[in-house]
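Chain identifiers are assigned alphabetically (A, B, ...) following the order of the sequence lines, protein sequences preceding nucleic acid strands; residue numbering begins at 1 within each chain. Keep in mind that this is a model prediction, so the values were computed, not measured.
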Amino acid sequence: MSAAADAVDAASPHSRPPHPGRWRSALAITLLGVALVLLSPLVGSVPIPPTEVFRIILHQLSGGAVYAQPCAGVTDSAPLCSAYVEIVWDERLPVLLLALLAGAALGISGATLQGVFRNPLADPYLLGLSSGGALGAAFVYVFRIGEAEASLVLPVLAFAGSLGAGVAILLAARGRSGSVETLLLTGVALASFLSATLTIVLLYNPTGSLQVSFWLLGGVGGATWNRDGVAFGGILIASTLLVLHGRELNVMQLGNDVAQSIGVPTARLRQRLILLASLVTAMAVAFTGVVGFVGLVAPHIVRRTVSSDYRVVLPLSAMTGGLFLLAANDLAVTVLPGTQLPVGIFTSFAGAPFFLTLLYRRRQASTMGDS
Amino acid sequence: MRAPSASGRAVAGLEGVTVRFGSRTVLHEVDLSVGAGEFVALAGPNGSGKTTLLRVLLGFIRPSAGRATLFGTPVDELPITERARRVAWVPQEEANRDNPTVREYVGYGRYPYRGRFQAESAVDRERVEESLSDLGLGDRGDDGVQTLSGGERQRAVLGRALAQDTPLILLDEPTSHLDIGHQLDILERVRTLSRRRGTTVIAALHDLNLAARFADRVVILSRGRKYDDGDPARVLSEGLLARVWGVTADLRRDPRTGVPYLLPHQRVVEGPAILAGPGFGPVHVVGGGGAGAPVLRALSDDGYRVTTGALHLLDTDAETAEVLGIPMVVEVPFAPLGAEVRSAHRRLLEQARVIVVAPFAVGPSNIANLDDLEPFVPQTPTYLLAPTPIDQRDFAGGAGARAWEALRSAGAREVDGLPALQAELRSLEARWRSAVPAAAPALPS
Amino acid sequence: MSLNPPSTGPARSISFAWFAVAVLVAAGAAVAATAAYFEIRQNHPSASATTMSLTDDVGRTVNVPVNPSRVAVLSPSIMDSMYRLGLRSHVVAVDCYSAAFGGLSADYSSDQVSLWNLSSSMCVQVGPTLNVEQLLAVSPQLVLASTIISVADVEEISTTYGIPVLILQPTTLSGIVLDVDLLGSLFHASASASLLSADLALGLGNATRVAQNLTNAGTPFPTVMVTYSPVAAGSPSPGYYSFGPGTFGTSLIELASATSISANSTLPYPELSGSAVLAARPQFIVYGTGFGLGLPDYAQGPDWSSFAAVQSGRAIGLNSNFLTEPDPTMILDGLPALLALFHPGVPV
């Protein structure tokens, strides 16, 4: 048997990557990402010469060993130099990292939910997670929880509201048929109920409505290293667990019954995956508000350019989502010089046409199938 | 005659299994015991409970009463991975939007053998390659499953189930949407492999003749009850079709193999009845294997009087025509069209005002249809529905493509879809009505 | 009987799942180390030698530098006080409403506004969205803001960059006076602050005295509707925004010896339907003007021409900023205007 097995294996095409073209696309996304990450610190509302930006980064990274002075061109003006250092180190870099993290969270969550629901139009906010988060955030602004605590309470309440919505749906659909349709409809109903609640709360307490409406547009401007650290921990753990379920998601695409016959406990897995996806989404919502379309678009880019294998789709959707949000944020601070627009506007601005293209193509395909 | 009793020895066992959905009883106190290596066919009309029975054995449905066991263990006591190592399933149709390679797809069957952090083992790869070569997909391993034809795709599904390496395989109408050539191919492979590996097979097959041809044992279900169970030679009787299916038939025996088959009485509706009706027609549809069904539905919805032929009994097109009350000419399953049937078919063609040829798969059993209609093309407007080119559905070794070409050169027109056909028929009708209201003129060239 | 065929090295026994975990953990470790490194290397600007501890309008106790020369003022109401206290030279950044969108030009003549020289390049906040980069670029020592600022920004500015944030958002008319005193002591401008508070106290005192006299004389207070932000024509629920309980508008109306028809509403800023206004029969209607709004915008509202106040010529326009911005202008200009309107001929 050994010899036969070896012969089979030696001839097996497994020994080589089956689709070189796919890996070229993956490599292209990676290189694009590296370039974007390197260029993003140069972009901002305040023009700082690129040489100064890199000098500041090298100075700080080396602890002053490479460049003793962080600024070259502005040494004569100490306040300006320290402002530059703050802008590059404590503003642009944490914002860059938060954009990558939140985008990754939304990307992997979108990929997971599209897989679980076997629906290419599923997105991370599908189950009322954004409405839940907005309600949590509204409590902070409306009841003017003391400013000092509020900075902690806001992400915590937004997180709790968001995750709470996801968990509530899982609990509601538990014990029933637990089918995909039941879950979706429960989510739609809950989202609607939560937004109505939010409207009532804001009607009676209008002072917070402006902040809540801006929060709903999403943004990565509030990034600090501390917040990035918390977001990183949560998103890393949940994303890692999600990435481990690529094989199950692949099999689940064959349908509930076939997946079960192959040994995939679909009902249990569905709950676990939705919970994890809600968790990463809630982490992103806690620190960035509601950023639209990233979670919808990122998995489709991966599927169309690289592979529909969920072992690849999950990690690459995280990467693509992060880069997409970073690119949108770069646009948000550069399109109108001197003005920082909410990043959610730009993700939707780029995401909406993509979504329409997708819809259009799907319709084309199904029309052909009908004839 | 009875299989081993419902002891722990049975591969699969049902004891007094009743399944109710609300107030509807789908299975009624069914007992069944399947021994190792048996090939059991479940047969019965639509809605007789075949699929439900399989789903009970798979653990998808918990019986309202009674007990289902696999290898002596109640199905619902088996952990899901254990169950997946004992029983594999081939569904009627599998919807998958993704496009894994055939090899990856077949590899999904290895899921119950791999831990979360385990790489694919040598055994895994060996089983996958074995399945691929057993099913003749060795050279398609790196192609995406979406590029496979219907027959190949069903073979890949079977390969996925074989890679699961289970002692029991359940098949639910695995061939119902394939043409006769592929139906025979799939079932032939299942029987060969089950004999070689000693795998037990339970297959729901609504075609009684296929069941008799391949199975060691036939279980007949009727309205949720077990009607009969045993050797095909004993179970198949003229009375069976009459009582269970409500069809009169003659019992024949295949002279080469001795396998019994049922030959239902032909139903041919003669001409005058058709021409008596109002409106435009008849439009005659030549179909087969399900290709004609959408055409039949669309044209009768549009109000045309429709005829069809020459089909094989129990074929999807024949069932559709039956439901729609469309007159047709039928032949027994998977036999070449006989002389009697062909002449009946020619009578229908003669009466037709328009002939439509559905994009059916052309094989040895039905190529005579194309030959028979050729003489009618010059005087009757003929449309060839060709959303897929003929060479992709020619299973008659080029004869199909030649016959198709002959039709085209005789003046038949190719249209690429149903909407285009309907538009053609409307304009044809308008031209005829404006030209000579009552008579039947030739098509203006 | 080898399970690992020679063609596939040991690396092949590592599954994709393990590989993905390893990559993620490595990336995690790298970022965590970088983050910790940044944490250490953060250089906060050293606190000013002389600081004082102040409690702001939301109850935060903040250490602020005494008489700071570089201040970001992120609210038109605070800018009003800064202007009246002569503190323009301390302001290095403002909110965009103050700078560009006419927030001040509605209160002051264009000559005065041009004296302020608030260019759009100084503006760092649109709505609640603060542009932190631009704020950092002007290196402010202190940020004065209203409650519109987002809590995350307050935390980031004060914790990460060590710039104290003082929130000035008075909730009562007397709170306006207290904030003027606070700014006076912070900027060593006690003299001008004393003068301004005296003016404000006088304005409030006069109004209270008038109310007392009218009550003593048994003169009834007129009922009024003060409306603002006209609902666009064609809106699904056209009506008149009005002041409800607990708002500056209602306090101002009461101090002007009048009763708001929506003083007992359940909502702070209720939208009254035409029939509700008809039923309440306000004796006066005051509508907010400025920002391009005027009588025609309000006259499109439901039943406008049927209102008794409109028919009797007692519907009058007044600068919106007098009615909605809690700052000295509200007391010094808004209150006398309302008194003169509701009680003509009564000496103030």
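- Across B:Trp89, B:Tyr111, B:Tyr105, the residue that shares the most heavy-atom pairs under 4.5 angstrom with chain A is B:Tyr111.
- Contacts with chain B were tallied for A:Ser307, A:Gly263, A:Gly255; A:Gly263 has the most, counting heavy-atom pairs under 4.5 Å.
- With no hydrogens or angles considered, a side-chain donor-acceptor pair links A:Arg270 and A:Asn256 at under 3.5 Å.
- Interface remark: A:Asp257 contributes backbone and side-chain atoms alike to the contact with chain B (heavy atom separation under 4.5 Å).
- Under the salt bridge (charged side-chain N to carboxylate O under 4.0 Å, His left out) criterion, B:Glu414 pairs with B:Arg408, not counting sequence neighbours.
- Using a 4.0 Å cut-off between charged side-chain N and carboxylate O, B:Arg197 and B:Glu130 make a salt bridge.
- Contacts of A:Phe117 classified as ring-ring contact (aromatic ring centres under 6.0 Å, His included), with partners at least two apart in sequence or in another chain: none.
- Among residues two or more places apart in sequence or in another chain, the ring-ring contact (aromatic ring centres under 6.0 Å, His included) test is passed with A:Tyr310 by none.
- Within residues 80-87 of chain B, the residues having any heavy atom less than 4.5 Å from a heavy atom of chain A are, in residue-number order, B:Ile80, B:Thr81, B:Arg83, B:Ala84, B:Val87.
- The contact between B:Pro112 and chain A is made by backbone and side chain atoms together, counting heavy-atom distances below 4.5 Å.
- The nearest pair of heavy atoms linking B:Leu132 to B:Val106 is CD2-CG2, 3.9 Å.
- The pair B:Glu173-B:Lys50 counts as a salt bridge, with a side-chain nitrogen and a carboxylate oxygen less than 4.0 angstrom apart.
- In summary, the side chains of B:Arg127 and B:Gln164 do not present any donor paired with an acceptor at a separation below 3.5 Å, with no hydrogens or angles considered.
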